[in-house]
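The block underneath contains the structure these notes are about, expressed in structure tokens.
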Protein chains: 4
Amino acid sequence: MKITVWNENRHEKTNPVVAEIYPEGIHGTIAAFLEDAGHQVQTATLDEPEHGLTNTVLQETDVLVWWGHVAHDEVDDTAVEKVVQRVHDGMGLIVLHSGHFSKVFKKLMGTSCDLKWREADEKERVWVVDPTHPITEGLGEYIELEKEEMYGEHFDIPTPDELVFVSWFAGGEVFRSGATFKRGRGKIFYFRPGHETYPTYHQKDIQQVIKNAANWAANNNTPKPVRGNAEPLEDLSR
Amino acid sequence: MKITVWNENRHEKTNPVVAEIYPEGIHGTIAAFLEDAGHQVQTATLDEPEHGLTNTVLQETDVLVWWGHVAHDEVDDTAVEKVVQRVHDGMGLIVLHSGHFSKVFKKLMGTSCDLKWREADEKERVWVVDPTHPITEGLGEYIELEKEEMYGEHFDIPTPDELVFVSWFAGGEVFRSGATFKRGRGKIFYFRPGHETYPTYHQKDIQQVIKNAANWAANNNTPKPVRGNAEPLEDLSR
Amino acid sequence: MKITVWNENRHEKTNPVVAEIYPEGIHGTIAAFLEDAGHQVQTATLDEPEHGLTNTVLQETDVLVWWGHVAHDEVDDTAVEKVVQRVHDGMGLIVLHSGHFSKVFKKLMGTSCDLKWREADEKERVWVVDPTHPITEGLGEYIELEKEEMYGEHFDIPTPDELVFVSWFAGGEVFRSGATFKRGRGKIFYFRPGHETYPTYHQKDIQQVIKNAANWAANNNTPKPVRGNAEPLEDLSR
Amino acid sequence: MKITVWNENRHEKTNPVVAEIYPEGIHGTIAAFLEDAGHQVQTATLDEPEHGLTNTVLQETDVLVWWGHVAHDEVDDTAVEKVVQRVHDGMGLIVLHSGHFSKVFKKLMGTSCDLKWREADEKERVWVVDPTHPITEGLGEYIELEKEEMYGEHFDIPTPDELVFVSWFAGGEVFRSGATFKRGRGKIFYFRPGHETYPTYHQKDIQQVIKNAANWAANNNTPKPVRGNAEPLEDLSR
């Protein structure tokens with residue numbers, strides 16, 4: 001499977017804490033464990049030409065991973081349109097953490113995608129609420145993150161097609177942390193954890209979720225819908 | 001309840017067949033039976049200033065009904081934004097027939113909303129598949145329309161929150177004809193029937209569905225979500 | 001609307017703590033605030049003949065509220081069958097707290113309905129995750145219960161039709177606390193709070209939820225499905 | 001993957017038409033194409049001891065396929081309990097055609113599973129309504145069956161987790177023909193076609209659906225929920 005990991009890659013350049021945790025960038029860390037899983041992985045970042053998302057790159061991408069935060073507005077609308085179109089055509093999409101506010105995710109959801117948040121080094125427990133889902137393969141009953149940014153309800157998304165994880169935070173909030181959506185022929189997975197100042201993407205069970213999600217999101221030859229003006233089954237004048 | 005019926009109102013001006021079926025416009029016919037049901041109803045049309053959708057009108061609207069077809073592109077993007085925002089804030093929305101391709105509906109869905117279609121005077125049966133739903137109150141097991149335009153799958157919408165009706169067409173197609181969606185605090189109902197050259201909105205059971213949908217879509221004081229930076233439950237340092 | 005509140009009514013007879021909180025029984029407290037809301041309410045309890053659930057009572061009940069805990073096994077299978085049948089025929093059902101393990105609920109769900117639990121006087125926050133739902137009318141963004149029994153995931157229920165509330169517990173767990181299900185023509189709402197040793201059902205916002213749920217669950221004349229051998233639309237030999 | 005194909009195997013013994021279409025039994029035909037797909041397949045039938053569903057067989061089965069019709073009542077309740085328990089524990093289940101009325105399916109659904117039907121050699125079109133679903137891999141936009149028994153709405157099942165197929169019938173009905181459900185750790189797929197007097201299971205695209213469904217239904221090491229009395233995260237007295 002061909003995976004492209006897209007990252008805004010700004011915090012890594014300006015915040016030494018982030019640079020130390022992710023010396024190769026968040027995209028580099030994610031790409032590495034996906035490669036170890038046997039996939040063909042490339043990365044793309046905001047400051048590359050066309051944000052690294054050329055037509056060729058997108059056409060060859062089975063699953064796109066997206067991390068963004070402070071520079072959502074700098075993502076060009078044309079690139080957004082192309083990504084959305086590719087999802088409709090069957091490309092899988094994994095949206096991570098603050099990517100909830102990306103243009104791509106908001107456009108695919110049709111809602112504000114707003115939420116409640118707090119940076120307070122809080123303990124998070126990501127509970128599995130759907131123990132049939134392939135995205136949970138190999139996990140225990142929850143993932144514990146010693147310190148993370150809090151995201152709380154109400155999370156303004158459409159009703160997920162499947163609710164896979166719900167997070168608990170020490171400060172009193174809950175959050176629908178893992179949710180799937182279908183748009184056109186494309187499958188989308190939103191996964192909450194991953195604030196840039198914590199080593200979340202180095203944690204094995206978090207990596208497991210993203211690897212599972214990539215397998216789940218890839219579209220293997222499902223039907224291509226036929227739309228537009230149609231011929232009837234047979235003579236309707238009978 | 002305050003209802004606004006919006007109509008493109010173009011076919012009525014150019015096609016004598018439509019003008020004869022709907023001398024007061026499609027909006028006039030729909031407004032009349034909603035008024036008879038005891039609601040406070042006003043209409044708005046494309047060619048009015050601001051398409052009749054001023055801030056005041058939208059603020060006072062509990063449920064908006066939308067019919068459009070040939071002039072979707074003429075609807076101003078600012079108006080679209082305002083309608084979408086009001087849905088997020090709790091206004092109900094009923095999208096009828098070719099409104100599936102309206103800017104408002106596509107923006108709220110995040111998909112192409114494309115489908116298959118045919119104009120061939122076909123018999124349609126709109127089957128109830130959710131006999132618990134308040135939108136089906138007072139109906140029999142199906143609604144029969146002697147002649148209608150065909151809409152067929154694949155209908156490119158997100159998985160509906162609730163699937164209420166599925167249509168059968170004589171020419172060999174099926175269609176998810178009645179579907180609900182939630183976006184923000186707003187409830188949306190898409191209802192398929194209503195091609196302009198047939199007297200569909202004069203049929204009693206079709207009117208019943210639209211009246212039921214208005215009651216269902218109105219938001220009666222549900223919680224207003226609090227979002228943004230949040231205080232924790234208590235001292236997290238413990 | 002005619003509501004029947006069913007209660008096992010055993011803790012009230014044997015535990016002085018419960019008797020002091022609910023001198024009229026849990027059913028008495030619930031019946032009182034539903035009556036104040038203008039409904040016609042009667043109660044029924046385990047130790048009455050036929051558990052108080054005669055054919056006449058069930059036929060005349062629009063919405064049944066169910067609380068049980070230590071004596072699920074004493075509920076007669078015939079009564080269970082009759083309740084399930086009435087739900088299929090359109091009676092609303094509100095299942096409270098430990099009623100998750102009642103024969104009626106398990107039979108309607110098709111799962112074990114098992115969960116995690118702890119009695120430790122924990123703070124609970126019941127968060128609204130669906131701010132469009134009529135069951136949340138009049139609430140704030142969450143309900144806080146100073147002390148409650150903990151229920152935790154995984155809660156072994158089918159995917160709810162609608163997830164309305166998710167609870168946070170001080171001890172580290174989350175729980176899908178308010179969930180709706182459709183079975184036949186009947187609507188079911190499960191609501192978590194209400195351990196017998198806490199004054200939960202005296203709290204105003206909890207009462208509001210149960211009142212809202214009764215309005216939501218009542219079936220107002222939706223279609224009665226026709227099943228069995230059927231005649232075709234027309235001559236199939238053509 | 002280990003698959004067990006269960007068949008009532010009665011029509012094959014009494015009806016020469018069926019015996020001619022399925023000389024090895026419906027189970028034999030289905031087992032053969034699943035074996036060709038590389039799976040380890042065994043069959044089991046009603047008249048074997050324990051209906052062929054011994055503890056050992058069930059424990060070793062990843063996915064169970066079920067076809068039954070005239071003898072649902074002869075299936076022993078103990079066997080039903082064991083199958084249901086194995087589904088809860090993670091075994092996949094594919095229920096075919098008249099299996100909608102099997103004890104196993106009804107117990108897992110919590111509804112009557114009743115429907116409308118007609119035997120009239122009708123054309124059926126099984127339309128794909130979810131072109132993201134792995135169960136549709138390799139198909140076109142619909143499957144056409146020249147002659148089948150009609151099944152029509154209302155089909156009394158809970159709201160499916162996913163609606164994959166909707167059927168059109170020449171006589172005027174529609175039917176939710178392919179639907180998924182989750183129960184415990186188990187995944188269930190109901191698939192409508194397969195009346196015993198037609199060669200439906202010899203058709204390639206029908207075989208493709210059943211092969212896809214087996215891959216989809218197998219549970220590959222998802223979490224085993226922990227339930228019962230639980231320890232808190234930490235000292236709650238703080």
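Chain identifiers are assigned alphabetically (A, B, ...) following the order of the sequence lines, protein sequences preceding nucleic acid strands; residue numbering begins at 1 within each chain.
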### Message
Please output the residues of residues 154-165 of chain A in contact with chain C, using a heavy-atom cutoff of under 4.5 Å, in numerical order.
### Response
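So the qualifying residues are His154(A), Leu163(A).
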### Task
Write out, in numerical order, the residues from residues 125-133 of chain A with a heavy atom short of 4.5 Å from a heavy atom in chain C.
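Checking residues 125-133 of chain A against chain C gives Arg125(A), Trp127(A), Val128(A), Val129(A), Pro131(A).
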### Query
Nearest heavy-atom pair of Trp168(C) and Trp168(A): which atoms, and what distance?
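Smallest heavy-atom distance, with atoms named: NE1-NE1, 3.0 Å.
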### Task
Using side-chain contact (heavy atoms from CB on, under 4.5 Å) as the criterion, list what pairs up with Gln208(A), not counting sequence neighbours.
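So Gln208(A) forms a side-chain contact (heavy atoms from CB on, under 4.5 Å) with Leu139(A), Lys211(A), Asn212(A).
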### Query
Glu144(C) versus chain A, heavy atoms under 4.5 Å apart: side chain, backbone, both or neither?
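Nothing of Glu144(C), per the 4.5 Å heavy-atom cut-off to chain A.
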#### Entry: Structural part of Glu153(C) lying under 4.5 Å from a heavy atom of chain A
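Its backbone and side chain both get close to chain A.
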### Message
So if I take each residue of residues 174-182 of chain C and look for any heavy atom under 4.5 Å from a heavy atom in chain A, which residues do I end up with?
### Response
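Within residues 174-182 of chain C, the residues that come under 4.5 Å of chain A (heavy atoms only) are Val174(C), Arg176(C).
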